[in-house]
Amino acid sequence: MIQNQNNLIKWGLITVFILWFFFIVASYFVVYKPFSPLLLVQLSEFVLLPAGFSLGAVADLLFNLAFGVWFLFVALGVGTVIWGFVGKTAVSPKTTPLEHALFSIGAGVGAIGLLVLLMGGLRLLNTLALSILAIGLTLVTLTAVKQMPKLSLRQARGTLARPALLYITVALFFVLTLALLPPTNWDGLFYHLKGPKLYLDAGRIYGGVNIPHLSFPSLFQMNFLLGMALRGDIAAQLIHFTFIPLLAGLVYSMTVQILGGSEGGTAVLFLLATPMVLTLGAWTYNDLALAFYSVGALYAFLRWQQSEARFWLIWAGLFAGFAMSMKYTSFMTPLFIGLMLLWQARRDWRKQLPNVVLYGVVAWLVALPWFIKNGILTGNPFYPFLFDGQFWDEFRSMAYSEPGTGIGFDIIALLKLPYDMTLALQDASRDGLAGAFFLGFLPLILFYIFAKVGKRPLKPMRPIMLFVLAHYLVWMAGVINSQALWQVRLFLPGLVALIPPMAWVYEAIREWDHPQFSLRNFMNLALGFVLSMLLLTQFWGWLSVQPWAYLTGTETRDQFLTRNLGTHHAAMVELNEMLPETAVVQFLWEPRSYYCDHDCRPDSILDEFPHLVYLHENAENIHQAWLEDDVTHVLIWQDGYEFILEEDRLNAQQQDVILQTLIQNHLSPMSSEVDLGYEFYTVNN
């Protein structure tokens, strides 16, 4: 009787899990169809570009790839030196070659970024000085070659079948070919590349630029700057791509070394089945690097718990500090680990307090340069937050955070939030597709953590899930307060940390197999189907870009940018050709200014004109303010303006009257041969 009840419960749980998993998968693909009638219509109108052959284009491609390999090589070399130094400072426990490589490369990338920051402070941001730095990094790396770890890809393959390996290879190929194209991503053109471009032009890092995002912690932008100085912006883009294999190595090692699983390869598969990761890998963003350092800090903390070796505690501090050097939103990682250390120290303060201090000192020393830089350049170490400063006041703070525009404390909306996050229909940046696996496997993970049946999770599982929960609660708090923070991308560290538990439970479900039904084999078929659909979706996106045209030289850089950026790039080209070198252009409702070669001042958070109205009240005073700021021309992006009008953000309807008065009385329109969706004006003296 008891046996029958247990079987009934077992089969009931299996049925509920299968129904839940397929509900999530079906919901996802109903929204993100890999194939649809609309796609057929689009394909019927699709013009397939030919592939040509240009020796110069192929050479450029090879040089960019060579830069990516070189960058990883020198990061590993510099990091290996740091690894050895930490090993001398604190006794090194037994580590794996993969751990050595991952943490060394992470430390190397961080150290290179800090070196470039130092050179920017010393006014040495020129091609010659940065080339000398590159030579020096190479020499340091060559001296450390013998100490570098020896990796075995055959061992890393684990239990992955050939179809899974094929999926990983093809998915990475698609991303890599896109990463080798000229940048077209929004934040890259807005500030990730704009800042390094400004600093390279000036030969130094300086303040007084009305782009508040340039005062965010900018460790990764310093690496972009080095790539741009040595090879160009495509090389910078490749630096972000390299963090896909680094994240793959991290989730593999975390599954095997921390959770004791044997399917690290499955964790890699889950990572590369996350559409957001593949999308971001081809862009000049910093989210993959932030996820790497955040989860890497957690990894090091868990290894310290296993071994109690201060060697790993130092690495936890280093990586937490590097995470703080990426984004202000990364504060939860160092805070979470610090709180875990304090909780662990409650039973023996004398023994554990030095560990807490060591971790905190290392983390803050690594992150401190960015707050010192802000303090020197803006007077506010945390600019633009906490205190007002140049270009920043209460009005702009409200415009940036948009308080009260989030979902609020709506219980139904909060309960639905994980589901809504999976579908990402409200995502403000529309680049945060997590895929169906995270929510699909979440109930199974929670079951293994709390249920007292079957294979028990190991001790590290709960701190990992607490880390995920802490990041989720911070992300949820942002979503409650502001629509602008409804970006799944900001929760990426939590999603990456969730992957090793997913791989662990995927291995654990073998114990549910029955002679008449194997849950594991059934899930293998289900995952194969999902991965096939994801790869098909990725292929359509890749096909629409047609990267081969640029990579083989059929298309020039300008032709590619015009085809993919449309009127924006055409407007930037016309602006560059029409205006004199001394022109100062104020953009309105257009944040992207990277491809403008003049002194172009973007509308960073789409509040430039409302802020002018707030400060100066009328058209005459705004005109006078522009003259005092040496503004000679104005560019208005019509689509951006119409979007603001439709949303009526910051009382845009009322400000439209002032704008029209300003145009009529103080601006002269500049003629354009074609309608580019932009209006060009000269500011009357």
Inset, instruction - Hey, can you tell me if Tyr191 and Phe216 have their rings parallel, tilted or perpendicular (30° and 60° cut-offs)? - result: perpendicular
Could you check whether the rings of Phe174 and Trp542 sit parallel, tilted or perpendicular, using 30° and 60° as the cut-offs? tilted
Residues Thr554 and Pro50: closest non-hydrogen pair is OG1-O, 3.3 Å
Please confirm whether the ring centroid of Phe292 lies under 6.0 Å from the ring centroid of Phe319. yes
Query - Pair Val74-Trp70, side chain to side chain contact (heavy atoms under 4.5 Å, CB included): steps then yes or no - result: CA-CA 6 Å; Val74 297; Trp70 171 84; 3.3 Å; yes
Flag for Ser218-Gln221: side-chain donor and acceptor within less than 3.5 Å: no
Considering residues, nucleotides and ligands other than Tyr328, do more than 12 of their heavy atoms fall under 6.0 Å from its OH? yes
Original post:
Judged by atom type as modelled, is there a donor-acceptor pair below 3.5 Å linking the side chain of Tyr167 to the main-chain atoms of Leu272?
Top reply: yes
Q: With the side chain counted from C-beta on, respond yes when Leu495 and Phe437 share a heavy-atom pair under 4.5 Å apart, and no when they do not.
A: no
CH2 (Trp186) and OG1 (Thr284) are apart, to the nearest 0.5 Å, by 13.5 Å
Looking only at atom types and distance, does a side-chain atom of Gln559 sit under 3.5 Å from a main-chain N or O of Thr556, one as donor and one as acceptor?
yes
* Backbone N or O of Gly52 within a donor-acceptor pair of the Thr552 side chain at under 3.5 Å? -> yes
Heavy-atom side-chain contact between Glu577 and Val573 under 4.5 Å: yes
Parallel, tilted or perpendicular, judged at 30° and 60°: which one describes the rings of Tyr206 and Tyr199? perpendicular
In this structure, CG of Asp187 is separated from OG of Ser429 (nearest 0.5 Å) by 7.5 Å
Distance col, row Thr177:OG1 vs Tyr550:OH, nearest 0.5 angstrom, shows 13.5 Å
Taking Lys146 for the side chain and Ala144 for the main chain, is one N or O donor matched with an acceptor at less than 3.5 Å?
no
In this structure, OG of Ser330 is separated from CG of Leu290 (nearest 0.5 Å) by 5.5 Å
Is it true that the side chains of Asp558 and His569 contain a donor and an acceptor less than 3.5 Å apart? yes
Nearest heavy-atom approach of Ala282 to Leu178 is CB-CB, 3.7 Å
Check your understanding: After noting the C-alpha distance and the side-chain angles of Phe190 and His213, does the key distance pass the ring pair (Phe, Tyr, Trp, His ring centres under 6.0 Å) rule?
Key -> CA-CA 9 Å; Phe190 165 30; His213 298 66; 4.6 Å; yes
Item to complete: Evaluate the ring pair (Phe, Tyr, Trp, His ring centres under 6.0 Å) criterion for residues Phe220 and His192: first the C-alpha distance (whole Å), next the side-chain angles of each, then the deciding distance (0.1 Å), finally the verdict.
Response: CA-CA 9 Å; Phe220 214 50; His192 284 303; 8.4 Å; no
Checking Leu534 against Leu278 for the side chain to side chain contact (heavy atoms under 4.5 Å, CB included) test, could you report, in this order, the C-alpha distance in whole Å, the side-chain angles of both residues, the deciding distance, and whether it holds? CA-CA 11 Å; Leu534 290 173; Leu278 302 178; over 6 Å; no
Does any part of the side chain of His598, heavy atoms only, come nearer than 4.5 Å to the side chain of Val584, both counted from C-beta? no
Validation row: Asp431, Trp283 side chains within 4.5 angstrom (heavy atoms)
yes
Smallest heavy-atom separation, Thr141 atom then Val78 atom, equals OG1-N, 4.1 Å
Residues Ala179 and Gly281: closest non-hydrogen pair is CB-O, 4.0 Å
Can you tell me if Glu590 uses its side chain to pair, donor with acceptor, with the backbone of Phe587 under 3.5 Å?
no
Any donor-acceptor pair under 3.5 Å linking the side chain of Ser544 with the backbone of Gly541? yes
Heavy-atom nearest pair, Ala434 first then Thr274, reads O-CG2, 3.5 Å
Both conditions, 6.0 Å and 45 degrees, for the charged tip of Arg592 above the ring of Trp637: are they met here? yes
With a 4.5 Å limit on heavy-atom distance, are the side chains of Phe243 and Val109 in contact?
yes
When you compare the side chains of Thr80 and Gln147, does any donor N or O come within less than 3.5 Å of an acceptor on the partner?
no
Indicate, with yes or no, if the rings of Phe67 and Phe63 have centres closer together than 6.0 Å.
no
### Query
With no hydrogens and no angle check, is any side-chain donor or acceptor of Gln538 less than 3.5 Å from a backbone partner on Ala171?
yes
Would you call Trp548 and Leu48 a side-chain contact if the rule is heavy atoms closer than 4.5 Å? yes
- Any donor and acceptor pair, going by atom type alone, linking the side chain of Glu263 with main-chain N or O of Ala503 inside 3.5 Å? no
- Item | Aromatic plane relationship, Phe322 with Tyr293 - under 30° parallel, 30 to 60° tilted, over 60° perpendicular | tilted
In this structure, CG of Leu125 is separated from CE of Met222 (nearest 0.5 Å) by 7.5 Å
* Exercise: do His568 and Tyr678 side chains pair donor with acceptor under 3.5 Å -> yes
Distance alone, cut at 3.5 Å: any donor-acceptor contact between the side chains of Tyr299 and Ser253? yes
Note: Ala424 and Gly432 closest approach over all heavy atoms is CB-O, 4.0 Å
- Message: Using a 3.5 Å distance criterion without hydrogens, assess whether the side chain of Asn286 forms a donor-acceptor pair with backbone atoms of Ala289.
- Response: no
query: Is there side-chain contact between Val69 and Leu65, with heavy atoms separated by less than 4.5 Å?
result: no
Checking salt bridge (Lys or Arg N to Asp or Glu O under 4.0 Å) for the pair Lys197/Asp233: CA distance, chi angles, key distance, verdict?
CA-CA 9 Å; Lys197 179 182 178 180; Asp233 48 24; over 6 Å; no
* To do: Say whether Asn185 and Gln237, considering side chains only, have a donor N or O and an acceptor N or O under 3.5 Å apart.
  => yes
Between Trp83 and Ser104, does any side-chain donor sit less than 3.5 Å from a side-chain acceptor?
no
For this session: State whether the side chain of Asp60 and the backbone N or O of Gly56 hold a donor-acceptor pair below 3.5 Å, judged by distance alone.
Result: no
For the pair Ile234 and Leu181, evaluate side chain to side chain contact (heavy atoms under 4.5 Å, CB included) and give the outcome as yes or no after the intermediate values.
CA-CA 6 Å; Ile234 294 176; Leu181 301 173; 5.9 Å; no
In this structure, NE2 of His633 is separated from CG of Leu635 (nearest 0.5 Å) by 11.0 Å
Practice prompt. Compare all side-chain heavy atoms of Tyr595 with those of Pro182 and state whether any distance is below 4.5 angstrom.
Written response: yes
- Evaluate the criterion side chain to side chain contact (heavy atoms under 4.5 Å, CB included) for residue pair Asn576 and Cys596; output intermediate values, then yes/no. CA-CA 6 Å; Asn576 294 335; Cys596 178; 4.1 Å; yes
